[in-house]
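To keep things clear, I will list the structure first and then write my remarks on it.
Any value given below was found using the heavy atoms of this structure, including those in side chains, with hydrogens, waters and symmetry copies removed. Worth saying up front: this structure is predicted, and the values here are computed from it rather than measured. Within every chain, numbering begins at 1; the chains are lettered A, B, ... in the order of the sequence lines, protein sequences first and strands thereafter.
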Amino acid sequence: MKMNIIRINEMKDFVGEEVTIKGWLYNKRSSGKIKFLIIRDGSGFVQGVVVKNEVAEDIFDLCDKLTQESSIAVTGVVRKDDRSPYGYELTISNIKLIQMAFNDYPISLKEHGVDFLLDNRHLWIRTPKQHAILSIRHEIIKAIQEFLNNNGFVRVDSPIITPSTCEGTSDLFQIDYFGENAYLSQTGQLYQEAAAMALGKVYSFGPTFRAEKSKTRRHLNEFWMVEPEMSFVDHYENMEIQEKLVEYIVQSVLENRSKELKELGRDLSKLEKIKTPFPRLTYDEAIEMLKKNGYEIEWGNDLGSPDETFLSNQFDKPVFITEYPSKCKAFYMQPKEDRPEVVMCADLLAPEGYGEIIGGSQRIHDYDLLIKRLKEENLPIEMYDWYIDLRKYGSVPHSGFGLGIERTVAWITNTEHVRECIPFPRTLSRIRP
RNA sequence: UCCUCAGUAGCUCAAUGGUGGAGCAACCGGCUGUUAACCGGUAGGUUGUAGGUUCGAGCCCUACCUGAGGAGCCA
């Protein structure tokens with residue numbers, strides 16, 4: 001007889017058949033002559049039932065001894081069972097022990113504190129909630145690439161080791177590059193602009209690094225970002241692409257990861273509302289709205305975190321905040337034609353207080369204007385020589401944006417803190433595991 | 001860098017200034033449908049560190065260390 005080695009998420013196709021599942025013992029319950037083994041294999045969780053009268057004695061004894069997280073191959077018949085929260089059960093006939101786990105596995109099924117869980121992140125990711133979050137993270141990344149690939153974008157990754165700060169702001173991680181100072185990249189944008197002039201529509205996808213001592217649920221010192229950049233695309237078209245991308249991400253997760261969303265207890269109706277077009281609010285309108293609601297803010301101040309939370313809470317979709325004062329934003333942003341004190345940019349704020357998930361803008365394409373802006377910001381023009389070249393040789397209007405993966409994952413999975421939205425978070429106080 | 005809070009068993013938490021406990025995990029035993037199973041038992045401690053107040057400090061005071069939440073900055 002042929003042995004069916006399957007994964008747990010394929011069980012629905014094998015009802016009534018004998019199969020073998022290779023995995024780990026997540027939990028075990030016993031009632032004397034009947035034992036319940038909760039097995040996980042990476043694709044899902046399932047309960048196996050071992051009845052004393054129906055298996056060899058040594059198999060039943062082995063069940064007694066099995067420790068949490070022991071690796072096993074279990075063979076049995078798949079049964080649909082409404083008593084099981086997983087929908088299916090395995091009536092076990094044989095168990096092959098691969099490794100008996102040490103009996104001091106630290107992660108119990110009871111409650112744990114954040115500090116302890118983060119110290120044990122390498123084991124924490126085995127639990128159902130973390131499994132669901134990381135699965136959805138994968139779905140989000142897959143959807144982003146699908147959307148961009150299907151819309152004519154070419155993936156062109158930016159360097160991670162860079163000679164200087166791109167935007168002249170943030171603190172960077174410094175490294176030694178054969179005796180010269182170099183830095184871990186905080187954005188690949190400038191390189192994407194070069195790539196967009198070569199390939200039209202491009203994107204990069206990779207890690208980015210900020211050495212800022214941020215200590216909030218929205219910040220990581222190493223996080224992942226997708227950065228599309230498009231030639232011949234203006235500020236308004238830029239926003240349309242962004243909202244279509246976000247809609248596509250959310251719909252893909254709803255379609256392909258409903259089981260994981262359910263595991264997390266996510267309110268699906270909130271995600272189902274994420275359809276284009278998204279509301280757009282100019283900075284002027286945002287300031288007015290904030291003032292009307294008792295916030296102390298003046299035109300010209302950048303929006304603070306509580307301000308953004310208030311604004312996003314006024315909508316049940318992500319909201320674009322557009323046309324910020326140029327002094328709040330980076331040097332490369334295109335001023336508005338009839339109102340040069342504001343720039344053609346947009347931040348996309350996620351609903352439910354998850355903060356800014358996209359920052360984007362139309363870039364300056366005029367040679368003289370770019371030089372002027374670099375001088376105004378006191379940036380070393382010689383460091384930007386190649387970037388300035390892009391304005392000398394066939395410059396065209398172009399736009400782009402950066403979407404933060406972990407914040408998007410946190411929002412869609414309704415996770416309190418971004419550190420659970422990346423496999424191994426790097427924060428101010430943690431570099432291990 | 002600033003503000004707030006917290007450090008007690010492997011984990012989650014109790015303990016009026018007066019002999020440091022419980023649940024879970026581990027170990028031993030019981031139970032034929034358990035869902036973080038349940039029941040009985042065993043073992044498990046330099047109360048973050050260093051000082052101070054007191055007859056007596058887990059508890060009060062000071063400093064430091066570590067962590068968490070938030071601000072600023074940003075995705």
Side-chain angles (χ1 to χ4, degrees), chain A residues 26-38 45-55 60 64-65 67-69 79 81-86 89 91 101-120 123-124 127-129 167 169-172 186-189 207-227 242 301-309 328-330 347-350 353-360 401-411 416-419 421-422 427-430:
Chain A
Y26 174 66
N27 190 21
K28 148 178 103 165
R29 287 182 282 268
S30 163
S31 186
K33 296 191 173 61
I34 182 166
K35 295 188 187 300
F36 304 94
L37 310 182
I38 314 298
F45 292 75
V46 73
Q47 174 163 277
V49 184
V50 187
V51 180
K52 190 176 171 74
N53 295 339
E54 297 173 12
V55 297
F60 197 75
D64 258 340
K65 297 199 181 73
T67 49
Q68 191 183 3
E69 290 298 319
R79 197 159 37 72
D81 197 313
D82 296 331
R83 286 175 294 189
S84 166
Y86 309 108
E89 278 192 348
T91 304
F102 290 34
N103 68 8
D104 58 352
Y105 187 69
I107 310 245
S108 76
L109 274 61
K110 295 274 178 182
E111 220 175 299
H112 292 291
V114 178
D115 189 34
F116 176 78
L117 289 170
L118 285 170
D119 284 342
N120 289 285
L123 305 173
W124 185 23
T127 62
K129 187 181 170 194
E167 300 186 5
T169 52
S170 309
D171 295 318
L172 305 180
Q186 57 150 339
T187 169
Q189 194 216 121
T208 108
F209 307 87
R210 307 272 165 98
E212 286 151 357
K213 298 197 172 177
S214 303
K215 241 180 94 117
T216 83
R217 76 176 82 128
R218 296 179 304 279
H219 289 89
L220 294 167
N221 293 292
E222 176 182 300
F223 65 97
W224 285 65
M225 190 156 67
V226 59
E227 294 185 275
Q242 291 169 39
N301 297 151
D302 205 353
L303 299 181
S305 192
D307 306 323
E308 288 186 354
T309 301
C328 299
K329 292 289 179 182
D347 286 352
L348 185 67
L349 307 183
Y354 280 96
E356 183 185 340
I357 54 171
I358 291 181
F401 61 95
L403 179 148
I405 300 298
E406 288 75 19
R407 285 190 186 173
T408 304
V409 175
W411 162 49
E416 181 73 15
H417 201 300
V418 288
R419 67 186 162 212
C421 297
I422 186 165
T427 63
L428 188 53
S429 55
R430 284 179 192 284

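Taking atom CG of residue A:Asp307 and atom C1' of nucleotide B:rA71, one finds them 12 Å apart after rounding to whole Å. Distance, A:Tyr105 OH to B:rA26 P: 13 Å, rounded to whole Å. The CG atom of A:Asn120 sits 14 Å away from the P atom of B:rG10 (whole-angstrom rounding). Rounded to a whole Å, the CG atom of A:Leu118 is 16 Å from the C1' atom of B:rG7. Atoms CD1 (A:Ile405) and C1' (B:rC74) sit 16 Å apart, rounded to a whole Å. Residue A:Glu212 contributes atom CD, which lies 6 Å from atom C1' of B:rC74 at whole-angstrom precision. A straight line from CZ of A:Phe36 to P of B:rC38 spans 14 Å, rounded to a whole angstrom. Between A:Arg79 atom CZ and B:rU34 atom P the separation is 14 Å, expressed in whole Å.
Distances were taken from every side-chain heavy atom of A:His112 (C-beta onward) to each of B:rG72, B:rC11, B:rA68; the shortest belongs to B:rC11. Across B:rC74, B:rG67, B:rA71, the shortest atom-to-atom separation from the side chain of A:Pro306 is found for B:rA71. In this structure, the nucleotide among B:rC24, B:rU34, B:rG69 sitting nearest to the side chain of A:Arg217 is B:rG69. Side-chain proximity of A:Lys110 to the nucleotides B:rG70, B:rC74, B:rG23 is greatest for B:rG23. The listed nucleotides are B:rG70, B:rU1, B:rU32; the one nearest the side chain of A:Lys213 is B:rU1. Side-chain atoms of A:Ile34 lie closest to B:rG33 of the nucleotides B:rC31, B:rG33, B:rA68. Checking B:rG67, B:rA36, B:rA71 against the side-chain heavy atoms of A:Thr216 singles out B:rA71 as nearest. Residue A:Arg218 places its side chain closer to B:rA71 than to any other of B:rU32, B:rG67, B:rA71. Listed nucleotides B:rA75, B:rC27, B:rA71 differ in distance to A:Arg210; the shortest reach to its side chain belongs to B:rA75.
Taking the side chain as every heavy atom from C-beta outward, A:Lys215 and A:Thr427 never approach each other to under 4.5 Å. Counting heavy atoms from C-beta on, the side chains of A:Ile107 and A:Leu117 come closer than 4.5 Å. Using a 4.5 Å heavy-atom threshold, the side chains of A:Arg79 and A:Val49 count as touching. Inter-residue side-chain proximity for A:Lys35 and A:Lys28 is flagged as unmet; no heavy-atom pair is nearer than 4.5 Å.
Residues A:His219 and A:Asp115 both approach RNA chain B. Their nearest nucleotides, taken by heavy-atom distance, put A:Asp115 toward the 5′ side. Each of A:Ser214 and A:Glu89 was assigned the nucleotide of RNA chain B with the nearest heavy atom; the assignment lying further toward the 5' end belongs to A:Glu89.
Using a 4.0 Å heavy-atom cutoff across all strands shown, A:Gly304 reaches sugar-phosphate atoms only and no base atom. Residue-level contact check: A:Asp302 touches the backbone only, with heavy atoms under 4.0 Å from sugar-phosphate atoms and none from bases. Within the 4.0 angstrom heavy-atom criterion, only backbone atoms of the sugar-phosphate kind lie near A:Glu356; the bases stay farther away. Within the nucleic acid shown, A:Ser30 comes within 4.0 Å of at least one base atom, counting heavy atoms only. Contacts of A:Phe223 with the nucleic acid, taken as non-hydrogen atoms under 4.0 Å apart, include base atoms. A:Asp104 comes within 4.0 angstrom of nothing in the nucleic acid, heavy atoms only. Contacts of A:Ile358 with the nucleic acid, taken as non-hydrogen atoms under 4.0 Å apart, involve only primed sugar atoms and P, OP1 or OP2. Residue-level contact check: A:Gln68 touches neither bases nor backbone, having no heavy atom under 4.0 Å from any strand. Using a 4.0 Å heavy-atom cutoff across all strands shown, A:Lys52 reaches no nucleic acid atom at all.
In the interface, the side chain of A:Arg407 is paired with the base of B:rC74 through a donor and an acceptor atom under 3.5 Å apart. No N or O donor and acceptor, one from the side chain of A:Lys215 and one from the base of B:rA71, sit under 3.5 Å apart.
Here A:Asn103 reaches the OP1 or OP2 of B:rC27: one of its side-chain N or O atoms lies under 4.0 Å away. Taking only side-chain nitrogens and oxygens, A:Ser31 never comes nearer than 4.0 Å to OP1 or OP2 of B:rU34. Put simply, A:Arg419 has a side-chain N or O that comes within less than 4.0 Å of OP1 or OP2 on B:rG69. In terms of phosphate contacts, A:Ser429 brings a side-chain nitrogen or oxygen within less than 4.0 Å of OP1 or OP2 of B:rA68. Put simply, A:His417 has a side-chain N or O that comes within less than 4.0 Å of OP1 or OP2 on B:rG69.
Between A:Tyr86 and A:Phe45, the ring planes are parallel. Angles under 30° get that label, and only those over 60° would be called perpendicular.
Across all non-hydrogen atoms, the minimal contact from A:Gly360 to A:Asp347 is N-OD1, 4.5 Å.
Judged purely by atom type and a 3.5 angstrom limit, A:Glu406 has no side-chain atom pairing as donor or acceptor with the backbone of A:Arg419.
For the C1' atom pair drawn from B:rC3 and B:rG52, the interatomic distance equals 27 Å after rounding to whole Å. Comparing the C1' positions of B:rG44 and B:rU8 gives an interatomic distance of 14 Å, to the nearest angstrom. Taking atom C1' in both B:rG10 and B:rA25, the straight-line distance is 7 Å, to the nearest Å. For the C1' atoms, the distance linking B:rA22 with B:rU4 amounts to 30 Å, nearest Å. B:rA36 sits 33 Å from B:rC59 when the C1' atoms are compared, rounded to a whole Å. Distance check on atom P: B:rG72 versus B:rG18 gives 44 Å, rounded to whole Å.
Residues A:Asp115 and A:Arg430 are paired through a salt bridge, judged by an N-O separation under 4.0 Å between the basic side chain and the carboxylate.
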